[in-house]
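Only heavy atoms go into these numbers, but all of them, side chains included; no hydrogens, no water, no symmetry mates. What you see is a predicted model, and the numbers here were worked out from it, not measured in a lab.
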Amino acid sequence: MARPNPERQIHRACGDVRAALISALEVLAEGAGPSAACDDPFKVFSDLGRVQRHVADALHAANLLDQMVGVPADERPPWSYYRSRIGKKPPC
C-alpha cells in the first residue's frame, strides 16, 4: 500500500481545523442577529455550549495536526487516524 502524500494530509488536517472554526463562527453570527436580545437563558447557554464545542474541536484538531507534523513523514499515520480522535475525550 502506498504511503499517503504528506502535503495532502496536512491540507486535509487544516481543512478540519478551518471547518470547526467556521462552525463556531456561524453559531456566533446566528446569535448576533435581531433575536440576540432573547430572554431565554437556556437558548443562550445552549448556543454558548455549541460554540465552545466547535472551538474545542478546532483546538483538538490543531493539536493533532501538530502531533502529525512532528512525526517523520515516512513514519506518519494518515490524517484519518488523527481525524478519528477529534472530539473524543481522553480517558481519565
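R85 and H60 make their closest contact through O-CE1, 3.0 Å (heavy atoms, listed as atom of the first residue, atom of the second, distance). Taking each heavy atom of S80 and Q9 in turn, the nearest pair found is N-OE1, 4.3 Å. Nearest heavy atom pair, residue M68 against residue A13, reads CE-CB, 4.5 Å.
Atom CZ of residue R12 and atom CG of residue L65 lie 14.0 Å apart, to the nearest 0.5 angstrom. Taken to the nearest 0.5 Å, the CZ atom of R76 stands 7.5 Å off from the OH atom of Y82. Within the model, atoms CG of L48 and CZ of R50 stand 11.0 Å from one another, a figure rounded to the nearest 0.5 Å.
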Using residues 14-23 as the side-chain source, report each donor-acceptor pair under 3.5 Å to any protein atom, sequence neighbours left out, with the distance given to one decimal.
| from | atom 1 | to | atom 2 | distance (Å) |
| --- | --- | --- | --- | --- |
| D16 | OD1 | R83 | NH2 | 3.0 |
| D16 | OD2 | W79 | NE1 | 2.6 |
| D16 | OD2 | R83 | NE | 2.7 |
| D16 | OD2 | R83 | NH2 | 3.1 |
| S23 | OG | A19 | O | 3.0 |

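Looking at residues two or more places apart in sequence or on another chain, you find no side chain to side chain contact (heavy atoms under 4.5 Å, CB included) involving Q52.
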